[in-house]
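Numbering of residues begins at 1 and proceeds along the displayed sequence. Because only heavy atoms are used, hydrogens play no part in the values below, and waters and symmetry mates are left out as well, while side chains stay in.
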Amino acid sequence: MVTRSENERLTLVEGEAPMGRLIRENYWMPFARAEFLKPGGAPQRVRLLGADLVAFRGEDGTLGLLDEHCPHRLASLALARVEGCNLRCLYHGWVLGPDGAVVQVPSEGERSGQFAASIRTSRYHVAEGGGLVWAFLEAGEPPQLPPLPFMSKGPEGRSWWRMTVNCNWL
């Protein structure tokens with residue numbers, strides 16, 4: 001019989017839980033069907049390993065995955081609008097790039113660029129493969145997205161379902 005603390009050590013993934021660190025530091029995680037992130041479409045809320053994030057696709061197809069909350073007043077970037085490859089926060093109009101850099105701070109006028117350069121938000125690696133969008137949550141250079149067998153198949157050769165299963169990942 002597994003004790004409660006042993007069970008938590010093996011199954012909890014939020015924060016600094018050992019299993020969460022293991023997954024975050026070593027694995028790509030699929031989190032959305034690629035077709036759901038439309039170029040220039042509304043950003044989508046994503047929760048991975050306890051982190052609240054927002055995913056979006058720029059007008060040119062560039063993917064972005066950022067912390068959900070704007071670094072200024074913590075407004076939800078799920079309510080932002082896509083402009084080019086960037087997100088414009090609806091609260092004060094800050095513009096954030098897919099790399100996590102603040103691009104524009106309209107309230108700062110002429111010194112907007114200088115002020116914006118001093119602020120960043122957390123961004124995460126994101127890639128597309130096999131009709132899915134994948135995230136790698138650890139800082140630094142991620143490993144290559146693994147060439148899983150279904151990734152070389154066209155859309156007609158694969159099918160995806162989404163369901164809720166009340167259990168832990170293990």
Side-chain angles (χ1 to χ4, degrees), residues 8 11-103 119-148 150-151 155 158-170:
E8 288 177 356
T11 60
L12 292 181
V13 294
E14 294 186 6
E16 289 302 310
M19 198 52 65
R21 281 197 325 267
L22 175 79
I23 294 169
R24 192 172 43 254
E25 294 170 2
N26 295 288
Y27 299 101
W28 284 93
M29 293 175 282
F31 68 88
R33 289 172 54 179
E35 65 200 45
F36 289 161
L37 291 176
K38 306 264 188 242
Q44 302 294 314
R45 280 189 172 101
V46 177
R47 186 165 172 86
L48 295 173
L49 303 181
D52 293 321
L53 311 172
V54 64
F56 66 98
R57 190 183 296 270
E59 293 171 359
D60 69 350
T62 301
L63 289 167
L65 185 64
L66 306 174
D67 279 339
E68 180 184 352
H69 301 287
C70 178
H72 178 224
R73 293 285 184 149
L74 304 179
S76 174
L77 293 174
L79 303 173
R81 70 175 179 256
V82 174
E83 293 182 355
C85 297
N86 304 315
L87 283 182
R88 182 175 298 272
C89 176
L90 84 147
Y91 192 61
H92 279 126
W94 284 27
V95 178
L96 292 89
D99 61 354
V102 176
V103 177
I119 302 166
R120 293 190 67 78
T121 188
S122 294
R123 74 84 130 143
Y124 303 93
H125 299 282
V126 63
E128 192 171 345
L132 299 172
V133 182
W134 302 73
F136 190 84
L137 299 182
E138 185 63 19
E141 196 59 33
Q144 188 173 0
L145 193 61
L148 300 170
F150 66 86
M151 289 188 177
R158 59 179 183 250
S159 182
W160 301 115
W161 292 275
R162 182 177 174 181
M163 68 178 96
T164 301
V165 179
N166 292 320
C167 64
N168 63 48
W169 74 271
L170 187 58

Check the pair Leu48 / Tyr124 against side-chain contact (heavy atoms from CB on, under 4.5 Å), numbers first and verdict last.
CA-CA 11 Å; Leu48 295 173; Tyr124 303 93; over 6 Å; no
Which donor-acceptor pairs under 3.5 Å do side chains of residues 128-143 form with protein atoms, sequence neighbours excluded?
residue : atom : partner : partner atom : Å
Glu128  : OE1  : Arg57   : NH1          : 3.1
Glu128  : OE1  : Arg57   : NH2          : 3.3
Trp134  : NE1  : Gly129  : O            : 3.0

Rounded to the nearest 0.5 Å, what separation is found between the CG atom of Leu12 and the CG atom of Leu49?
11.5 Å
Looking at Pro71 and Val102, what are the two nearest heavy atoms and their distance?
CG-CG2, 4.2 Å
Non-hydrogen atoms of Ala55 and Leu37 that approach each other most closely
O-CD2, 3.9 Å
Could you tell me which non-hydrogen atom of Lys38 sits nearest to which non-hydrogen atom of Glu35, and how far apart they are?
NZ-O, 2.9 Å
Side-chain touch Leu77/Cys89, heavy atoms, less than 4.5 angstrom:
yes
Find out whether Leu53 and Glu68 are in side-chain contact, i.e. whether some heavy atom of one side chain is under 4.5 Å from a heavy atom of the other.
no
Closest heavy-atom pair and its distance - Ala75, Tyr91:
CB-CB, 3.7 Å
Measuring from atom CD of Glu8 to atom CE of Met19, what distance do you get when rounded to the nearest 0.5 angstrom?
13.0 Å
For Pro43 and Val54, work out which heavy atoms get closest and say how close.
CB-CG2, 3.4 Å
Looking at residues at least two apart in the chain, or sitting in another chain, which of them share a ring pair (Phe, Tyr, Trp, His ring centres under 6.0 Å) with Phe150?
Trp160
Taking only residues two or more places apart in sequence, or in another chain, which ones meet Arg120 in a salt bridge (charged side-chain N to carboxylate O under 4.0 Å, His left out)?
none
What pair of heavy atoms forms the shortest contact from Ala78 to Arg45, and how long is it?
CB-CG, 3.6 Å
Using side chain to side chain donor-acceptor pair (under 3.5 Å) as the criterion, list what pairs up with Thr121, not counting sequence neighbours.
none
Can you give the donor-acceptor pairs under 3.5 Å from side chains of residues 79-87 to other protein atoms, not counting sequence neighbours?
residue : atom : partner : partner atom : Å
Arg81   : NE   : Glu83   : OE2          : 2.8
Arg81   : NH2  : Glu83   : OE2          : 3.0
Glu83   : OE1  : Arg88   : NE           : 2.8
Glu83   : OE1  : Arg88   : NH2          : 3.1
Glu83   : OE2  : Arg88   : NE           : 2.9

Ring pair (Phe, Tyr, Trp, His ring centres under 6.0 Å) filter on His72, not counting sequence neighbours, yields His92, Trp94
